[in-house]
**Student:** 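First, the structure itself, so that you have it in front of you.
The basis for the numbers below is simple: all heavy atoms, side chains too, and nothing from hydrogens, waters or symmetry mates. Just so it is clear: chains get the letters A, B, ... in the order the sequence lines come, proteins before strands, and each one is counted from 1.
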Amino acid sequence: MTSVAPAVAAGITVDLVYLARLREAFGRSGESLTLPTAADATVADILAVLVARGGVYASELASGRAVRVAVNHEVVTATHRVQRGDEVALFPPVTGG
Amino acid sequence: MTSVAPAVAAGITVDLVYLARLREAFGRSGESLTLPTAADATVADILAVLVARGGVYASELASGRAVRVAVNHEVVTATHRVQRGDEVALFPPVTGG
Amino acid sequence: MAVRVTCDDFDVGAEIAALRAGDARVGAVVTFLGTVRDLSEGRNVSALALEHYPGMTEKALAAIVDEARARFDIYDVLVIHRIGPLQPTDQIVLVAVTSSHRGDAFEACRFVMDYLKTRAPFWKKETTPTGAHWVDARDSDDAAAARWTR
Amino acid sequence: MAVRVTCDDFDVGAEIAALRAGDARVGAVVTFLGTVRDLSEGRNVSALALEHYPGMTEKALAAIVDEARARFDIYDVLVIHRIGPLQPTDQIVLVAVTSSHRGDAFEACRFVMDYLKTRAPFWKKETTPTGAHWVDARDSDDAAAARWTR
């Protein structure tokens, strides 16, 4: 009766997409990630969760490594707020053309 | 015995070429012109001879009308010295491309 | 306006002809064709693979084209970008722009390429004598794109 | 390097392919295609005739190309210019430049066109509802060429 609602209920789940060098380094093209935070989660929060895993996540997403983020196909900055169900893509600077 | 050598002997002959608007206005694509001057004749001297004819030559070559001159296929200015046998082309500013 | 992302090669002449077909307002068509070089940053390249981000790619290219149409006095723009495995001398990308006059056609074509190079989600992986490597982004491309925001 | 003055039409795709054929150093091909507009300075144009100065034309175009090669880091340049009677939408001129990188290819192609417009001995005569008229040179073309002497 006095128990706090589980954090997962207040968190949001987003669909992560990994591309190019990041896809190869992580060994997967994406994953579903539930953030243990309330509705004001940002791109920076997502990156922090991934870096906290250590290993290739920490090395590939370390500050100093150029990583771009697109939410629902629009490039955004680290302060961008994410919503439940957003498609959040992480990728290196582009090199086409 | 005291007669002066005829001017034509000291003059030089050049091949004039008329192009585009000038060819149509003069009713000819060119002519051979002997300048009544010594070896230091310039493009300006040629233009002066033509303007002195009056009519379309005076109107088409009047100062203020844009006329370009090429000697042996190189564009030159009015002070350019002409030589015997030079091909001297007169034409309006170019409009190709 | 057309944007295509495809594994298939394209016919530059046919694409230009189709872009300007029947439009007698057009006086200038400027085209950029990008091709695979066998040398990159001093390394011999035997093969190239192009990956992209399906879903975002076409949107990003369309946004670049819309921006070009807003900035320049042009009629039509075509962008074709190939993906998948390519060889040296293969065609990679085509940008073609039609306009009444050459100034806008040149500027718009270059604008689209500069923005494509920094904003469209494509990545190149080169095969060199030391293996397959993802190509690093070039500072010169960022500088080229930054010219347009001055 | 090739310069051609011809009454015949040309195949843009085939010309570009021939220009870069087998050269894996090439990463960028920039092409300018000039076409006949049906409107010029506000007048409807039903036909166009292009006159040139045989003998000088090829020399002038070759000199422009040489200048471009001296100024820019490029591999090859093609210039084709048509003469004789043309109709709206007909192809008039093609300038194609190959380079390792797009910057030099764009600059060189534009340079050649700007100089061609002011230094190559071609003259256009347009047929409009009021008859056939020689086209006047444009101040904007002189300004475009003057940019390169700054």
**Student:** Between C:D38, C:D23, C:D11, which has the largest tally of heavy atom pairs under 4.5 Å with chain D?
**Tutor:**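 Between C:D38, C:D23, C:D11, the count favours C:D38.
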**Student:** Return the CZ to NE2 distance between C:F72 and C:H101, rounded to the nearest 0.5 Å.
**Tutor:**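 Between atom CZ of C:F72 and atom NE2 of C:H101 there are 15.5 Å.
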**Student:** Contact between D:V65 and D:V79 at the side-chain level, heavy atoms closer than 4.5 Å - yes or no?
**Tutor:**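 They are in side-chain contact.
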**Student:** Start with the C-alpha gap between C:F106 and D:F106, add the side-chain angles, then the distance that decides, and say whether ring-ring contact (aromatic ring centres under 6.0 Å, His included) holds.
**Tutor:** CA-CA 8 Å; C:F106 270 113; D:F106 269 114; 7.2 Å; no
**Student:** I'd like to know if D:E15 pairs up with D:R20 as an ion pair, taking the criterion as any Lys NZ or Arg NE/NH1/NH2 lying under 4.0 Å from an Asp or Glu carboxylate oxygen.
**Tutor:**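 So D:E15 does not pair with D:R20 through a salt bridge.
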**Student:** NZ of C:K124 to CD of C:E126: how many Å apart, nearest 0.5 Å?
**Tutor:**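 That separation rounds to 7.5 Å.
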**Student:** Is D:V36 close to chain C through its backbone or its side chain, or both, or neither, when contacts mean heavy atoms under 4.5 Å?
**Tutor:**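 Only the backbone of D:V36 comes within 4.5 Å of chain C.
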**Student:** Could you tell me which non-hydrogen atom of C:F32 sits nearest to which non-hydrogen atom of D:A28, and how far apart they are?
**Tutor:**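 So the minimum-distance heavy-atom pair works out to CE1-CB, 3.5 Å.
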**Student:** Give a yes/no verdict on a cation-pi contact between C:R25 and C:Y75, requiring under 6.0 Å between NZ or CZ and the six-membered ring centre and an angle within 45° of the axis.
**Tutor:**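 Here C:R25 passes the 6.0 Å and 45° test against C:Y75.
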**Student:** Could you check whether any side-chain N or O of C:T98 sits under 3.5 Å from a backbone N or O of C:V29, counting only pairs where one atom can act as donor and the other as acceptor?
**Tutor:**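 No, C:T98 side chain to C:V29 backbone: no donor-acceptor pair under 3.5 Å.
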**Student:** Restricting to non-hydrogen atoms, name the atom on D:I16 and the atom on D:T31 that form the minimum distance, rounded to 0.1 Å.
**Tutor:**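 That would be CD1-OG1, 3.4 Å.
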**Student:** Tell me the residues of residues 137-148 of chain D whose non-hydrogen atoms fall below 4.5 Å from those of chain C, in number order.
**Tutor:**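 Result: D:R138, D:D141, D:A144.
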**Student:** How about residues 88-95 of chain D versus chain C: which residues have heavy atoms under 4.5 Å apart?
**Tutor:**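 The list, in residue order, reads D:P88, D:T89, D:Q91.
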**Student:** Distance check, rounded to the nearest 0.5 Å: D:F10 atom CZ versus D:H81 atom NE2?
**Tutor:**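 Reported value, rounded in 0.5 Å steps: 9.0 Å.
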**Student:** Looking at CD1 of D:I80 and OG1 of D:T6, how far apart are the two atoms once the value is rounded to the nearest 0.5 Å?
**Tutor:**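 So the gap between those two atoms works out to 8.0 Å.
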**Student:** With a 4.0 Å cut-off, would you call D:D9 and D:R82 a salt bridge?
**Tutor:**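 Answer for the salt bridge query: yes.
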**Student:** Any idea which heavy atoms bring D:I74 and D:A68 closest together, and the distance?
**Tutor:**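 Distance-wise, the nearest heavy atoms are CD1-O, 3.9 Å.
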**Student:** Considering heavy atoms only, which positions within residues 128-136 of chain D lie below 4.5 Å of chain C?
**Tutor:**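 So far as heavy atoms go, nothing in residues 128-136 of chain D approaches chain C to under 4.5 Å.
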**Student:** Please list, in residue-number order, every residue in residues 107-122 of chain D that has a heavy atom less than 4.5 Å from any heavy atom of chain C; write 'none' if there are none.
**Tutor:**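 So the qualifying residues are D:E107, D:C109, D:R110, D:M113, D:D114, D:K117.
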**Student:** List the atom of C:R37, the atom of C:V45, and the distance in Å for their closest heavy-atom pair.
**Tutor:**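 Residues C:R37 and C:V45, closest heavy atoms: O-CB, 3.8 Å.
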**Student:** Is it the backbone or the side chain of D:S100 that comes under 4.5 Å from a heavy atom of chain C, or both, or neither?
**Tutor:**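 Both the backbone and the side chain of D:S100 come within 4.5 Å of chain C.
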**Student:** Between D:S46 and D:T127, is there a donor-acceptor pair closer than 3.5 Å when you use the side chain of the first and the backbone of the second?
**Tutor:**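 The answer is yes, because a donor-acceptor pair under 3.5 Å joins these two groups.
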**Student:** For D:H52 versus D:P54, what's the shortest heavy-atom pair and its separation?
**Tutor:**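 It is O-CD, 3.3 Å.
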**Student:** Just verifying a value: how many Å separate C:R4 CZ and C:T57 OG1, rounded to the nearest 0.5 Å?
**Tutor:**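 C:R4 CZ to C:T57 OG1: 15.0 Å, rounded to 0.5 Å.
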**Student:** First locate atom CG of C:L33, then atom OG1 of C:T35, and finally report the distance between them rounded to the nearest 0.5 Å.
**Tutor:**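 The distance works out to 6.0 Å.
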